[in-house]
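Here is the structure we will look at.
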Protein chains: 2
Amino acid sequence: MSDLNGLAARLKVAGYKLTAPRQAVAQVLEQEGLHLSPNEILARGRQIYPKLSRATVYRTLDLLTELGLIRPIYLHDASQRYVTAQGGHHHLVCTDCGAAFEFEQCDADQLVATLSERFCFEVHSHLLEFYGHCEICKPNQLS
Amino acid sequence: MSDLNGLAARLKVAGYKLTAPRQAVAQVLEQEGLHLSPNEILARGRQIYPKLSRATVYRTLDLLTELGLIRPIYLHDASQRYVTAQGGHHHLVCTDCGAAFEFEQCDADQLVATLSERFCFEVHSHLLEFYGHCEICKPNQLS
DNA sequence: CTCAATTTGAGACTTAATCTCAATTATAGA
DNA sequence: TCTATAATTGAGATTAAGTCTCAAATTGAG
């Protein structure tokens with residue numbers, strides 16, 4: 001069931017081999033969902049497939065990104081993080097403490113259509129991030 | 001003139017000392033403007049102030065980010081990149097080759113108002129990125 | 001001009017990401 | 001089912017990014 005639409009299945013459809021390491025990475029992404037760093041994916045993936053190597057994690061993340069199934073985000077972090085790319089992701093990021101909040105609403109459809117045409121681009125997902133100061137950090141600001 | 005609104009001046013207003021290294025970093029950001037990595041900022045900054053150190057570049061970038069004057073973006077790169085944070089930045093990023101296009105239009109004002117209230121957040125800028133396949137990479141896709 | 005507090009540079013250090021290549025594995029076809 | 005081959009992998013070396021420390025230098029208030 002989830003197999004038909006799952007990340008691993010999508011890899012196969014795209015012509016890539018369905019290997020155990022890839023299935024492990026895909027499963028981690030699907031289970032944990034949000035905001036995973038490559039390191040976290042590696043650790044969790046090894047609980048499923050112990051021999052999983054770091055290189056394979058990066059390679060699989062690249063493949064899934066190219067296919068538009070996941071997407072990197074920035075979260076005030078040293079390392080890249082990934083989210084599954086169903087439609088869009090929307091964050092409110094505090095530039096002081098790094099706290100991140102999510103929200104849902106966003107009407108980018110019209111813009112997507114315009115841009116696709118203008119740049120001959122095939123858009124598969126988007127990221128909308130607002131930067132500012134959160135409730136806690138706001139009072140500490142000097143400016 | 002530009003001094004009054006310049007990044008260096010804003011640092012001073014916020015209570016930080018106005019030092020040569022900081023002015024060099026600020027000048028680079030203002031001149032070059034877009035999509036600079038810390039490494040590039042370091043190299044260009046040393047043309048202005050040769051003793052400039054990597055640590056100071058990162059420290060100054062952090063300060064400017066906290067003040068909401070610049071903002072990190074993701075561009076299919078290993079390193080973090082920064083842009084001046086005047087309002088919003090909008091990119092179309094190809095997940096295959098990493099090419100990035102910019103566009104202007106974006107009406108986020110309404111959303112900003114809603115979010116500010118709901119999360120008690122003080123939003124100072126935003127980033128809107130669309131991910132997909134560019135004109136050149138599109139034909140190579142299997143999916 | 002003086003002095004305290006901030007800021008800096010150099011380089012060590014830590015962590016993230018990439019690369020290489022021999023060994024392994026998936027899968028199409030016999 | 002078995003085989004051949006092309007894709008994929010793991011381990012670890014390597015490179016690059018980012019952080020940290022501390023003595024020395026600098027800013028700016030008084």
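This is a predicted model, so every value here is computed, not measured. Order of the sequence lines fixes the chain letters, A, B, ..., with proteins taken first and strands second; residue numbering starts at 1 for each chain.
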Restricting to nitrogen or oxygen on both sides, can you table the protein-nucleotides 21-26 of chain C pairs closer than 3.5 Å?
residue : atom : partner : partner atom : Å
C:dA26  : N3   : A:K17   : NZ           : 3.1

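Atom P of nucleotide D:dG10 and atom CZ of A:R22 are separated by 10 Å, given to the nearest angstrom. Taking atom OH on A:Y16 and atom P on C:dA28, their separation rounds to 16 Å, with Å as the unit. The interatomic distance linking A:L42 (CG) with D:dG12 (P) rounds to 14 Å, in whole Å. Rounding to whole angstrom units, CG of residue A:L52 and C1' of D:dT9 are separated by 10 Å. Rounded to whole Å, atom P of D:dG18 lies 10 Å from atom CD1 of B:I41. Rounded to an integer number of Å, the gap from A:L61 CG to C:dA16 P is 14 Å. In this entry the distance linking CD1 of B:I48 with P of C:dT8 reads 15 Å, nearest Å. Distance A:L63 CG to D:dA7 P: 13 Å, rounded to the nearest Å.
With DNA chain D read from its 5' end, the first of the two nearest nucleotides for B:A55 and A:S53 is the one closest to A:S53.
A heavy-atom distance below 4.5 Å is found between the side chains of B:L63 and B:R22. Side-chain contact between A:C94 and B:F121: present, with at least one pair of heavy atoms (C-beta onward) separated by less than 4.5 Å.
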Before you tell me yes or no, could you show the steps for A:V25 and A:L7 under side chain to side chain contact (heavy atoms under 4.5 Å, CB included), namely the whole-Å CA-CA distance, both residues' side-chain angles and the distance that decides it to 0.1 Å?
CA-CA 9 Å; A:V25 171; A:L7 296 178; over 6 Å; no

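When the side-chain nitrogen and oxygen atoms of B:N39 are compared with OP1 and OP2 of D:dA16, none of them lie within a distance under 4.0 Å. Not one side-chain nitrogen or oxygen of B:Y58 sits closer than 4.0 Å to the OP1 or OP2 atom of D:dT19. One finds no side-chain N or O of B:R54 lying less than 4.0 angstrom from the OP1 or OP2 phosphate oxygen of D:dG18.
Note on A:Y16 and A:L52: same hydrophobic cluster, where clusters join Ile, Leu, Val, Met, Phe, Trp and Tyr whose side-chain heavy atoms are under 4.5 Å apart, directly or indirectly.
Look at D:dG30: its Watson-Crick or wobble partner, with both distances under 3.5 angstrom, is C:dC1.
In this model, no donor atom of one side chain and acceptor atom of the other lie less than 3.5 Å apart for A:H133 and B:E122.
We find the CZ-CG distance between B:R44 and B:N39 to be 11.0 Å, quoted to the nearest 0.5 Å.
Ring planes of A:H126 and B:F130: tilted class, angle from 30 to 60°.
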